[in-house]
There are 2 protein chains.
Amino acid sequence: MHREERAVLERYLKERGLKMTAARETVLEAFLGLETHVTVDDILEAARALDPGIGQATVFRTMKLFADAGLAREACRDDGGRQYEHAWRHAHHDHLTCVDCGKVVEFVDPAIEKAQEAVYRRYGFTSSGHRLELFGRCPDCSKKRSR
Amino acid sequence: MHREERAVLERYLKERGLKMTAARETVLEAFLGLETHVTVDDILEAARALDPGIGQATVFRTMKLFADAGLAREACRDDGGRQYEHAWRHAHHDHLTCVDCGKVVEFVDPAIEKAQEAVYRRYGFTSSGHRLELFGRCPDCSKKRSR
DNA sequence: ATGCATGCAAAGACTTTGCAAATTC
DNA sequence: GAATTTGCAAAGTCTTTGCATGCAT
């Protein structure tokens with residue numbers, strides 16, 4: 001499973017003289033098996049389902065490693081909680097989040113991307129990424145609310 | 001100083017039977033006297049400069065109150081640190097942050113705002129705000145880097 | 001063999017909460 | 001006077017670090 005991500009990790013490790021270990025494999029499988037947008041705790045729980053011996057510190061350390069290897073992306077919720085998203089073969093996207101039920105829609109909008117480039121030019125900045133989160137109420141929650 | 005913000009706070013407090021206290025005034029002055037984008041610690045330090053007796057818990061509690069009163073806006077950095085921004089008479093804006101020196105440019109781009117509305121419509125969501133942060137390198141840092 | 005990685009537990013950073021005393025209305 | 005607020009310290013979270021042991025190379 002997840003052969004490609006595993007190859008990415010192995011290459012990353014080899015490049016810096018680090019080691020492929022059982023714990024790293026387990027955390028990788030656990031992380032990839034979950035939907036994107038998970039907390040360290042979610043990952044720990046999933047990892048322990050595969051191997052109960054996994055330590056919490058290992059998950060923290062491993063996820064930092066994955067982030068650096070380009071397999072995960074560190075994000076943060078407004079309440080300060082940290083989350084990780086899948087980053088490999090998971091193109092850039094923005095988020096549309098329902099403030100009631102928490103549902104997240106991922107989208108990419110060319111018009112927005114283009115307008116952002118114009119902003120960079122306007123201020124003479126060199127672009128290096130962005131984060132856009134739209135908040136609102138999803139169709140279901142809107143309906144419930146108007147009743 | 002800051003008469004208008006003070007009036008907003010007083011009205012907010014009166015509406016719910018809460019009290020205007022010296023500590024709240026102090027924290028308000030401290031917060032407004034700082035530039036936007038500050039941590040609780042920045043505010044605590046500034047507040048203690050005005051009144052050394054201010055407790056840390058009071059600042060936490062008071063900033064939550066201000067956020068609810070519409071005077072402050074809670075934000076969060078990617079490293080998980082919490083920040084507060086001024087929210088009163090400080091229209092909605094997005095951020096363009098220099099990844100090298102940390103400088104922040106606030107901007108509003110009508111094309112982006114418009115494109116966002118289209119995204120809401122596309123997914124049937126009701127809008128309730130957004131957060132956009134562009135990362136890049138400011139002109140100064142770009143120059144330094146290319147040398 | 002060497003040195004990186006692990007799990008545990010302790011330590012840290014940040015935030016919240018319980019409480020008695022002080023303050024506001 | 002009744003009720004909210006405060007500052008302190010204790011308790012909670014979440015995350016990182018130190019260390020002896022275990023493993024990958």
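Values below: every heavy atom of this structure, side chains too, minus hydrogens, waters and symmetry copies.
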request  = Give a yes/no answer on whether the side chain of B:Lys64 brings an N or O atom under 4.0 Å of OP1 or OP2 in C:dT16.
outcome  = yes
Could you state the [atom1]-[atom2] distance from [X] to [N], rounded to the nearest angstrom?
{"X": "A:Gln56", "N": "C:dA5", "atom1": "CD", "atom2": "P", "result": "19 Å"}
{"X": "B:Arg48", "N": "D:dC8", "atom1": "CZ", "atom2": "C1'", "result": "11 Å"}
{"X": "A:Ile54", "N": "D:dC23", "atom1": "CD1", "atom2": "C1'", "result": "14 Å"}
{"X": "B:Leu18", "N": "C:dC25", "atom1": "CG", "atom2": "P", "result": "11 Å"}
{"X": "A:Tyr12", "N": "C:dC4", "atom1": "OH", "atom2": "C1'", "result": "14 Å"}
{"X": "A:Ile43", "N": "D:dC14", "atom1": "CD1", "atom2": "C1'", "result": "14 Å"}
{"X": "B:Asp42", "N": "C:dA13", "atom1": "CG", "atom2": "P", "result": "17 Å"}
{"X": "A:Glu45", "N": "D:dC14", "atom1": "CD", "atom2": "P", "result": "14 Å"}

With sugar-phosphate meaning primed atoms plus P, OP1 and OP2, does [X] contact a base, only sugar-phosphate, or nothing at under 4.0 Å between heavy atoms?
{"X": "A:Arg61", "value": "base"}
{"X": "A:Ala57", "value": "base"}
{"X": "B:Lys14", "value": "nothing"}
{"X": "A:Gly53", "value": "sugar-phosphate"}

note = Regarding the side chain of A:Thr21, the nearest nucleotide among D:dT5, D:dT16, C:dT6 is C:dT6
inquiry  = What's the closest nucleotide to the side chain of B:Arg82 if the choices are C:dT6, D:dA24, C:dT16?
reply    = C:dT16
inquiry  = Taking the side chain as everything from C-beta on, heavy atoms only, tell me whether A:Phe125 gets closer than 4.5 Å to B:Val99.
reply    = no
request  = Check each of B:Arg131, B:His37, B:Glu133 against B:His95 using the side-chain hydrogen bond (donor to acceptor under 3.5 Å, both in side chains) test, and report the only one that passes.
outcome  =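 So, applying the side-chain hydrogen bond (donor to acceptor under 3.5 Å, both in side chains) to B:His95 and each of B:Arg131, B:His37, B:Glu133, only B:His37 qualifies.
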message = Between B:Asp109 and A:Arg122, does any NZ, NE, NH1 or NH2 come within less than 4.0 Å of an OD or OE carboxylate oxygen?
response = yes
query = What orientation do B:Tyr84 and B:Phe31 show, parallel under 30°, tilted 30 to 60°, or perpendicular over 60°?
reply =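 Perpendicular, since the angle between the ring planes exceeds 60°.
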query = Will you find, in the side chains of A:Asp94 and A:His130, an N or O donor that is under 3.5 Å from an N or O acceptor?
reply = yes
